[in-house]
Structures are given as structure tokens and as C-alpha cells.
Amino acid sequence: MTARWTIFCSIIDNFGDIGVCWRLARQLVNEHRLEVELWVDDWPALSGFVSAQCPAFDEAALLSSSHILWADGVCIRQWPRPWKSQFLLDQHIAVSDVIIEAFGCELPDAVKQALVDVSKPLLWLNLEYLSAETWVKDCHGLSSPQNVSRLVKKIFFFPGFEQGTGGLLRETDLINKHAHWQQQADLRQQLIQLAGLKPVACDNPLLVSLFSYHTPALTTWLDALVEQQQPVICFVPVGKSLDGIQSYFSTSQLVAGNVLSRGALTVVVLPFRSQEEYDCLLSLCDFNLVRGEDSFVRAQWAARPMIWHIYPQDDGVHMLKLQAFEQLYLQGLENDVRKAWHAFSNGWNQGEDCRELWHHLRPQLSGLQSHARKWQKKLAVMPDLATNLVNFETLFKLSAHP
Ligand code: TRH
């Protein structure tokens, strides 16, 4: 019988949580042939995200629907607040083999109540945020005793960059897709054409993408791009990153399709695309500024030079996470390249002046390019997150039914 996995996702303020859950759900269905129900609380935010992923999908219909949506083989359900516990017990929890509580979203009390009465073994996985910190390996796979049925086992599952962690999301064909996109000269040319550059400037522009949070560093980086010798095209998807672009160009209400120019810089505003189209953009650009968790990981699979704008936390702990990643990522890099990357990354994340820092980093892009390729290969040796989750459940089942 096909196993049933139930994922709970709370959309906080961006698309990171749903981005990861949606990607994972699709992979569990498409590659592992599981039945997956994805419960999401913020229905309007979800429908905006899913309509970017599946253009055929009618957003208006969803908002007026019975709160169930099928997309790419995944059953997406609205996480009702307050929960209707009887309905849940009969229809869902009792038949689940695995429940994933994504990013500490805290299961509703009614679900926990339902877990008291299950009649078959059930694995409850707390899927945590990604971190390169060294404690992750020690905490990955730890169990957390709960006051529910003895048939239920709760485990902390940590994604990570090293053996001994839960790994990273990576579809089976992802590395090949990047290789394919990067071999297609016409795909890169199509991107360049979006900027409408004069033929002479089209010769060999530097292509960069920007998907970041607000930072005063942006203006200084744009200044550096404007004064470059080589033409540069910066692709910016609609969303938070556009605010800084709008104020830099003293304009408002930018929409997808807009093109702005100053000096060597041309900015192209892109629509919020599907995850796959965004992967392709990362693949074709020479340098990507990414953020959060999912785009950060995808930029690494694209094997292109990248800088990570980490999700800022009030207590500043994000800088520790950034340092931990750097320690892994920069290993094996030549000193000059390492210094330039570190300085720009730090400047960007601390909101400092990045103008000179960019002028130091740019000549190192070819060194960073070969490093990015090696890093991609190193990560790709490890099993991916979805496979690790499935293997974990197989072992759990075996131990529950020896
Ligand atoms: O949206 P984010 O800032 O998400 C963040 C982080 O995940 C953070 O850890 C979390 O705490 C916070 O949200 C609440 O950045 P992230 O993680 O890159 O997620 C963006 C998703 O949007 C990702 O799945 C890629 C996807 N995306 C598209 O589908 N199309 C696009 O055009 C773009 C630019 C992104």
C-alpha cells in the first residue's frame, strides 16, 4: 500500500517555508511514489505561490473553493484555524505514516490529540531550518519524547551540508538540468534580449540576479555596477528586492517587463516565476545574490558564484550561521578569492558600503566559478533530503515491525 505523508506548513512572511515544503512534497510524490497531503495555513499567500508554479491553475477558483487543491500530484489542503478535530482524526491523521512539522510550525492541539489514539506506527518529523553549524550533526535524528501514543515517534530532522545531516533538497535530474541549460547558448541570448541592449553592448555582458532582503548595501553595489567597464544586466524578480531598485532609480510601481538603465547597468524586472524557471535563471547568470534558505540552496546547485543574504534575526544569531557556512564553503579557495568573497558577503549582510568590495570581488569571479562547480559536485555526492527522509522512515517501519 502507498505510504501517506502529511506535511504541515505555516507561511510566515515570505515564500521560504512553502517553497521548501512544496518542493519536498512534489519530490516525494514524483520520485518516491508517495501520497502526500500538504496542509498550509495562509491560503491567499499559497494561491499566489502555486499559481506562479502552475500557470494553468486558476487562482480565483481556489480562493472560492472548498480549500482543497491538487497540483503536480500533491493534495494541498487548507490548515483550518481553529481545527475541526473529528474530521481530522477520521480522515487524515489515522491513515498517515509520517507527519512532517515543517520549521517548528507547531502542530495544532487537535492533531496532537489525534496522535494519542493512532492504531499503527507513525513517524512525526520536526523538519528544521538549514544550518551549517557544527551542532547540527549532533542533533540530527534525536528523538523527542511526547505525551502521545507509544506508536508515535517524534524526531528532529536537520537538513545540512555534510554527511551525518539530513542533506539538501535535490531532484534526481537537477544537476543534468543545469548542465543542459548552461550548454544552450540561445537561452542565455534570450535573457540578454530581455534587456533590449544595443548590439555593441550585447557582446559580453555580465549577467547577475538579485533576490535579497532590504539592505543599504544595495545602493552601493548598484553604484559599482553602473561604473563598471563591462555592461551588466541585473535580473530582479518582483518582490522585496524591487523596493531598493525603485528608490535607486527614483521611480515607483515597477512591474515585470520594466527595464531601467544607468551607465553600464541595465536592470530587468522579471515576474515571479516558477521554481524551475528561477533555477534556470540562476543557471544562466554569472553571479547570483540569493537569500533565505531555498534560493540559497538552489544557487549552489546552479554551480555559479553566489552571495547569500541570510534571513536577518533580531538577536543577530544569523551572523553565526553565515560564518558556519563560510567555513565550509570557502575551504580550498585561494586566499585572494576567499578574502574578496568574505569581505563582500560580510559587507552585504551588515549593510555596509559594497562599492569597493564589488570591484575587488568581480575579478575573482572566474576563480569563484570553478570553485562553485567543485562545491556542487561535492554536495551532489551526498544523498538528498527527500531520499534521506524516506530511508529514515523505512528504518523506522522495520524497527516498529521487526
Ligand atoms: O522567501 P524567502 O526569504 O524565505 C525565507 C527563508 O526561508 C527563511 O529561512 C524563513 O525563515 C523566512 O522565509 C520566513 O527566501 P527563500 O528561502 O529563498 O524562498 C523563496 C522561494 O521562492 C524559493 O522556493 C524559490 C521561490 N521562487 C520562485 O518560485 N520564483 C521566483 O521567481 C523566485 C525569485 C523565487
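Every number for a ligand or one of its atoms is a count from 1 in the order of the listing.
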### Query
Is the NZ atom of Lys137 crowded by more than 12 outside heavy atoms at less than 6.0 Å?
no

### Summary
atom 13 (O) of ligand 1: closest protein heavy atom, distance to 0.1 Å, is Asn14 CB, 3.5 Å

#### Entry: Where ligand 1 meets Asp294 - atom numbers and elements under 4.0 angstrom, heavy-atom basis
16 (P), 17 (O), 18 (O), 23 (C), 24 (O), 25 (C)

### Query
Quick one: does Tyr213 get within less than 4.0 Å of ligand 1, heavy atoms only?
yes

## Note on the structure
In Arg362, Arg188, Arg304, the residue satisfying salt bridge (charged side-chain N to carboxylate O under 4.0 Å, His left out) with Asp286 is Arg188

### Message
I need the nearest protein heavy-atom contact for atom 12 (C) of ligand 1: residue, atom name and distance, please.
### Response
Tyr311 CE1, 3.6 Å

## Note on the structure
closest protein heavy atom to atom 11 (O) of ligand 1 is Tyr129 OH, 3.5 Å

### Message
Take a 6.0 Å sphere around NE2 of His318 and say whether it holds more than 12 heavy atoms from other residues, nucleotides or ligands.
### Response
yes

### Query
For atom 33 (C) of ligand 1, which protein heavy atom lies nearest, and how many Å away is it?
Phe272 CE1, 3.4 Å

### Message
Under 3.5 Å, is there a donor on one side chain and an acceptor on the other for Glu35 and Trp5?
### Response
no

### Option with minimal heavy-atom separation from atom 19 (O) of ligand 1, where the choices are Ser274, Gly16, Cys21
Gly16

### Message
For Leu130, is there any backbone N or O sitting under 3.5 Å from a side-chain donor or acceptor partner on Glu293?
### Response
yes

### Query
Are Trp341 and Tyr329 close enough that their ring centers fall under 6.0 Å?
yes

#### Entry: Gly19: numbered ligand 1 atoms lying under 4.0 Å from its heavy atoms
24 (O)

### Message
Please list, in number order, the atoms of ligand 1 under 4.0 Å from a heavy atom of Pro237.
### Response
34 (C)

### Query
Judging by distance only, is a nitrogen or oxygen of Asp17 under 3.5 angstrom from one on ligand 1?
no

### Query
Are any of the N or O atoms of Ser295 closer than 3.5 Å to those of ligand 1?
yes

### Message
Under 6.0 Å between ring centres: does that hold for His309 and Phe296?
### Response
no

### Task
Write out the residue and atom name of the closest protein heavy atom to atom 21 (C) of ligand 1, then the distance separating them to 0.1 Å.
Phe15 O, 3.6 Å

Show which side-chain atoms of residues 138-145 pair as donor or acceptor with protein atoms under 3.5 Å away, not counting sequence neighbours.
from: His140; atom 1: ND1; to: Phe158; atom 2: N; distance (Å): 3.0
from: Ser144; atom 1: OG; to: Gln146; atom 2: NE2; distance (Å): 2.9

### Message
Is there a side-chain contact between Tyr278 and Phe272 in this structure, where contact means two heavy atoms from C-beta onward sitting under 4.5 Å apart?
### Response
no

### Query
Shortest non-hydrogen contact from Leu194 to Val259?
O-CG2, 3.6 Å

#### Entry: Short N or O distance, Glu293 and ligand 1, threshold 3.5 Å exclusive
yes

### Query
So is Gly292 polar-close to ligand 1, meaning N/O to N/O under 3.5 Å?
no

### Query
Are Trp358 and Glu356 close enough that a side-chain donor and a side-chain acceptor fall under 3.5 Å?
no

### Task
Could you find the nearest protein heavy atom to atom 30 (N) of ligand 1 and give me its residue, atom name and distance?
Arg273 O, 2.5 Å

## Note on the structure
re atom 29 (O) of ligand 1, the protein heavy-atom contact at minimum distance is Gln53 NE2, 3.1 Å

#### Entry: atom 15 (O) of ligand 1: the protein heavy-atom neighbour that sits closest, reported with distance to 0.1 Å
Arg291 NE, 3.5 Å

### Task
Would you check whether Lys240 reaches within less than 4.0 Å of ligand 1, judged by its heavy atoms?
no

